[in-house]
Amino acid sequence: MQILVLLAFVIAHVEVVVDEPAGPVQLAVAMVGYWLGLVLLGGFDLLCNRKALADEHAAVIAVFRRHHIVSTLTRIWLLGGMVGLLAIGYRQSCLEGLGVVQVQLLGVLVVLLPFLVGLVIMWLLDYPFHKILRRRLAETISPAGETDFPCWSRWQYITFSLRHH
């Protein structure tokens with residue numbers, strides 16, 4: 001996952017000069033579409049895998065494989081969406097419109113903001129899958145009769161992911 005953040009950082013530094021950058025409304029629509037695509041991919045993944053993991057006899061490896069494929073597509077969407085936003089002039093509009101051109105790091109953070117929000121959306125949608133999978137795996141390896149499996153809360157999962165990535 002760190003490679004994803006590094007790639008986004010590199011993409012944010014690519015200077016794309018657009019003759020006529022999109023206006024604020026077009027940028028807002030593009031960002032909402034970017035995040036909506038993440039929600040749809042994450043919802044599809046959760047819907048498919050949650051049902052399969054609820055079944056005791058479902059093959060965990062097949063579910064994990066399917067989740068990995070959809071997660072990879074989600075990561076491609078995250079990076080591709082960043083490229084798309086830059087192609088319509090998001091970087092140019094942010095840096096010039098907000099006047100953060102002089103403050104280099106602040107400008108990069110503003111440009112990365114849609115990507116970072118997208119990562120958090122992805123983790124929020126991914127949490128139920130990880131919780132169910134963790135419980136399923138704990139049930140198979142725990143001693144008989146032990147039913148108390150510690151599992152992170154959604155907030156703990158998000159903060160861990162933010163620190164880790």
Side-chain angles (χ1 to χ4, degrees), residues 1-50 53 63-135 150-165:
M1 180 65 93
Q2 292 90 347
I3 192 74
L4 185 71
V5 176
L6 287 172
L7 285 172
F9 194 76
V10 168
I11 289 170
H13 275 86
V14 173
E15 200 162 325
V16 179
V17 179
V18 180
D19 291 338
E20 235 178 271
V25 173
Q26 290 93 351
L27 288 174
V29 168
M31 270 192 261
V32 168
Y34 176 56
W35 294 326
L36 185 61
L38 286 172
V39 169
L40 291 175
L41 279 168
F44 172 75
D45 185 35
L46 183 61
L47 183 68
C48 292
N49 292 323
R50 191 178 219 177
L53 284 173
V63 172
F64 190 71
R65 215 175 270 144
R66 182 176 36 225
H67 174 72
H68 181 70
I69 290 168
V70 177
S71 291
T72 301
L73 290 173
T74 304
R75 287 171 176 86
I76 291 169
W77 179 266
L78 271 170
L79 291 176
M82 269 302 290
V83 171
L85 286 173
L86 294 177
I88 63 171
Y90 173 71
R91 183 178 200 276
Q92 195 173 344
S93 294
C94 283
L95 296 181
E96 293 170 4
L98 297 176
V100 293
V101 176
Q102 303 302 326
V103 185
Q104 187 65 26
L105 185 58
L106 182 61
V108 172
L109 288 175
V110 168
V111 171
L112 279 174
L113 192 61
F115 173 80
L116 297 174
V117 170
L119 270 180
V120 172
I121 290 170
M122 184 179 77
W123 293 328
L124 284 170
L125 292 169
D126 218 21
Y127 171 74
F129 172 79
H130 284 285
K131 185 176 179 180
I132 292 169
L133 184 64
R134 184 178 172 100
R135 288 185 191 263
C151 191
W152 287 345
S153 68
R154 187 178 304 264
W155 176 247
Q156 289 171 321
Y157 178 72
I158 297 298
T159 55
F160 168 78
S161 296
L162 284 170
R163 281 191 318 266
H164 184 69
H165 302 293

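Note that the structure is a prediction, hence the values are computed from the model and not measured.
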Pair Ile69-Asp45, side chain to side chain contact (heavy atoms under 4.5 Å, CB included): steps then yes or no: CA-CA 9 Å; Ile69 290 168; Asp45 185 35; over 6 Å; no
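- Nearest heavy atom pair, residue Leu113 against residue Tyr90, reads CB-OH, 4.5 Å.
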Candidate pair Leu7 and Met82, rule side chain to side chain contact (heavy atoms under 4.5 Å, CB included), full reasoning: CA-CA 10 Å; Leu7 285 172; Met82 269 302 290; over 6 Å; no
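- In this structure, CG in Leu73 is found 10.0 Å from NE2 in His68, a value given to the nearest 0.5 Å.
- Under the 4.5 Å side-chain criterion, counting only non-hydrogen atoms from C-beta, Ile11 is not in contact with Val111.
- Within the 4.5 Å cutoff, the side chain of Val5 has no heavy atoms near those of the Leu112 side chain.
- When side chains are defined from C-beta on, Leu124 does not count as touching Tyr157, because their heavy atoms never get closer than 4.5 Å.
- In this structure, the separation between CG on Leu85 and CD1 on Ile88 is 5.5 Å, given to the nearest 0.5 Å.
- Atoms CG and CZ, on Leu46 and Phe44 in that order, are 11.5 Å from each other to the nearest 0.5 Å.
- Among all heavy-atom pairs drawn from Val70 and Leu41, the shortest one is CG1-O, 3.7 Å.
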Taking distance alone, no hydrogens or angles, what donor-acceptor pairs closer than 3.5 Å link side-chain atoms of residues 25-38 to residues at least two apart or in another chain?
from, atom 1, to, atom 2, distance (Å)
Gln26, OE1, Gly23, N, 2.9
Tyr34, OH, Leu78, O, 2.7
Trp35, NE1, Pro114, O, 3.0

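- Residue Trp123 holds its CH2 atom at 11.0 Å from NE2 of His130, rounded to the nearest 0.5 Å.
- Asp126 places none of its side-chain heavy atoms less than 4.5 Å from the side chain of Thr74.
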